[in-house]
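Reminder, nothing fancy here: chain letters follow the sequence lines and each chain counts from 1. What you are looking at is a predicted structure, and each value in this text was computed from that prediction instead of being measured. These numbers come from the heavy atoms of this one structure, side chains and all, not from hydrogens, waters or symmetry mates.
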Amino acid sequence: MDYKQTIADNISSALDHKINRKDIEAKIEVPKNSKMGDLAFPTFILAKELHQAPQIIAQNLVKQINTEGFDKVVATGPYINFFLNKSKFSNDVLDLILKQQQNYGNNQRGNQRNVTIDMSSPNIAKPISMGHLRSTVIGNSIANILSKNGYHPIKDNHLGDWGTQFGKLITAYLKWGNEKDVEADPINKLVEYYVHFHKVDKEHPELDDEAREWFKKLENGNQEAINLWKWFRDVSLKSFNKTYDKLGVKFDTYNGESFYNDKMDEVIQMLKDKHLLKKSRGAEIVDLQKYNLNPALILKSDGASLYITRDLATAIYRDRTYHPAMNLYVVGSEQILYFKQLKAVLKEMGIPSADNLHHVPFGLILSNGQKLSTRSGRIILLNKVLDDSVKLAKEQIQEKNPDLPNKDNVANEVGVGAIIFGDLKNNRMDSINFVLKDQLRFEGETGPYVQYAHARAESILRKAHVSSQSIVSGSKSVSDPAAWDVLKLLNDFPRIVKMACDEFEPSDIAKYSLKLSKAFNKYYAHTKVLVKDDELVARLSLVKSISIVLKEALRLLGVKAPDQM
RNA sequence: GCAUUUAUAGUGUAAUGGAUAGCACAUAAGAUUCCGGUUCUUAAGAUGAGGGUUCGAUUCCCUCUAAAUGCACCA
C-alpha cells in the first residue's frame, strides 16, 4: 500500500510541481509518536526554495492539499501530518495478507539469481560448539530471507576436512584407537586421540614425522590413508547432521576443503599467468598495496599451499558453477581483513563475481563476558546447549500446560527456537553474552514470547468456530483504535523483508516479530475478540493476519511456530 | 605500532539526518486478573569526551578515551 506516493503527488501538485515528486516522497517519514499522525512530511527542504519559515509553509500547504482518502491532514509546527482512513487501511492490509497468506511480503527483486552462502563450516573430528551456532543460524536465516526476496540461495557447508591434522589423527588412531570406540562415540573419541597425540608428542617429537608422513600418503592417494580419512569424515558428518537436524538446518552442498584440493594447482597457474605472484622472504605472495592491504601469502616458503589458496579455488569454482549474483561468507568478524585480501586477489585475477563477494561478519559469543575457546577449555558444545534448552522448555510446559498434546515435539520447537532466536535478535556484529535461562523466558524479548503470541492467536481462532473461508471473504474493517498499531506493523512487513535482505541482517526480522507480538498482546488485553457483534469477523481476520505474519517471520529466522504450547 | 569494529539508563538493547531518545529485564507503588502463562498506570534512570558539517546529529566527518579483533608461512 503506497500512501507515500499519493501524498507526494498531492504535495507536488499543490506546489505547482516546483519540487520533484520523488524528492518529496523520499522525505516522507513515519512520526515517532503515532498520536502525531501516520505519515508526516517535514517542510524544511522547502524553506530555501520558497523563502519562507517551515512552519508557515506547513500551514499554507495544508490548505491546498487534496485531503481525499485521509481522515485528516494537519500542520504541526514544521510538519504536515497525515492521518490515514482507518477502516480503508484495515481493509487494504488485511485483504492483502489473507489473500497472499505466507507469501505476503514476497518480492521478486532477486530474479531467481543464485547466491552462494558459505556457512557453518565445522572441522571434521571436532565437536560443533556454540561458536558454530552463529554462522549456521545466521546463514540459514539469510538464505530464507534471500528466497523471500526472489533469490535462489545455495547453502554450502565448507567443511574443514583436509590438512596436516589428519596425519596426526591417523597416526594417533593407529597407535591407540579402535574401531568400536569410534563407531560408538565418534567425535569424542577422535578428539581424545588428537589431544593424546599432542600430549605424547611433546616428549616424542618423532611422532610429528610420522604424522607428516601419513598426511603425505593421504595426499598421494594411499589407500589405507584415504580409507581412514573417509571413515573419519563419514562418522563426523553423521554426528554433525544430528545437530543440524535439531536446528532444522539443511545444506545444499558439503564441498569441504578436500573437494578443492585438486583445484589449487590451476589457481597457482592462473596467478602465474597473470604475473601476480611475487617472491618475498622465500614465500610466494600477491602484492595488494594498491588496495592498502598487506600482501596475501599464497604459497609457504616450502611450497605448501595455505588457506587462501583453497578459498581462491572455492570462489572460482562457485563463480563457474553457479554464476552467483552474490557470494556470501558468513564467518566471524575476526576474519574481516582476510576476506578483504581474498576479494582483492580475486579482483586482480579478473574473476567476474569478485565484486559480489561479501563477507557477512558477526560478533563473538561470550560466556560470563569471556571469549569461548577450545584452548582454554572454555568450550560450550552446541548439542548440549540444545538438549538443555529442550529439557528446560519441557519442564516449563509440564508445569504450565500439562494437558498439552504432543509435548515432546513442542518442547523441541520451543527449546531450539529459543536458542536460535536468542542469537538472531542481536545485531550481527554485537557480541552476545550467552545465558540460557534468559533466552527461554516467556516474557521479555525472547523467542518463546513470540511463539506464545502466535499460539494465542491460533487459540482464539480455534475457539471462534468460524471457518477460515468466511474469515477470508468477510469484512476486514477493524475500526477499533487499539488495533491501529498492529495494522500499521502488519503493513510494514514487506519493507522489513527488503531491509533485512539488503543488510544481511536477520535481527531486523527478529525485532519486527517482537514488536508485532507486543502490539498484539496489548491489543487482545484491551479488546475481547470473541464477542458477537458486527466486527467479529473483521477482528478474526486481524488475528488470522497476525498469526500468518508471525509464523512467517519466525520461519524466516528458522524458528518453528507451534499452534499450541 | 598500524588497521578494523564497537561505545545509548543498573543490565540487555531501539531509533531511513528530523518532533518529547523507544523497548525489555531488574527496582518501587497502584489497578486489573475476563479468550491460555495478562495488561495498564505511575516513579526513577541513558546518547564515552571534545570539535566539525547541517536549519536540525544517537545517526555523517575528525581527534581523543576504552574494549574487542586482526596484522606473512595457522585456519
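Checking rG1(B) for Watson-Crick or G-U wobble geometry (two distances, each under 3.5 Å) identifies rC71(B) as its partner. Across the strands present, rC23(B) finds its partner in rG12(B); the criterion is a Watson-Crick or G-U wobble pair with both atom distances under 3.5 angstrom. Summarising the base pairing, rC60(B) is matched to rG52(B) through a Watson-Crick or G-U wobble pair whose two defining distances lie under 3.5 Å.
Note on Asp485(A) versus Lys522(A): no salt bridge recorded, every NZ/NE/NH1/NH2 to OD/OE distance being 4.0 Å or above. Classification of Asp502(A) and Arg109(A) as a salt-bridged pair holds, one side-chain N sitting under 4.0 Å from a carboxylate O.
The side chain of Leu364(A) lies closest to rA68(B), out of rA72(B), rA68(B), rC35(B). With rU58(B), rU39(B), rA24(B) as the choices, the nucleotide that has an atom nearest any side-chain atom of Lys518(A) turns out to be rA24(B). Side chain of Gln335(A), nearest nucleotide from rC35(B), rA14(B), rA75(B): rA75(B). When distances run from any side-chain atom of Glu29(A) to the nucleotides rA75(B), rA72(B), rA19(B), the shortest one goes to rA19(B).
Protein atom CG of Leu293(A) is 18 Å distant from nucleotide atom P of rC2(B), rounded to whole Å. Straight-line distance from the CG atom of Asn426(A) to the P atom of rG12(B): 11 Å, rounded to whole Å.
Side-chain atoms of Arg539(A) come within 3.5 Å of backbone atoms of Val531(A) as a donor-acceptor pair (strictly under, hydrogens ignored).
An OP1 or OP2 oxygen of rU13(B) is reached within less than 4.0 angstrom by no side-chain nitrogen or oxygen of Lys511(A).
Within 3.5 Å, a donor on the side chain of Glu445(A) pairs with an acceptor on the base of rG12(B), or the reverse. In terms of polar N and O atoms assigned as donor or acceptor, the side chain of Thr446(A) never comes within less than 3.5 Å of the base of rA24(B) in a complementary pairing. Donor-acceptor pairing under 3.5 Å, judged by distance alone, is present between the side chain of Asn81(A) and the base of rA19(B).
Both tests pass for Lys72(A) against the ring of Phe83(A): distance under 6.0 Å to the centre and angle within 45° of the axis.
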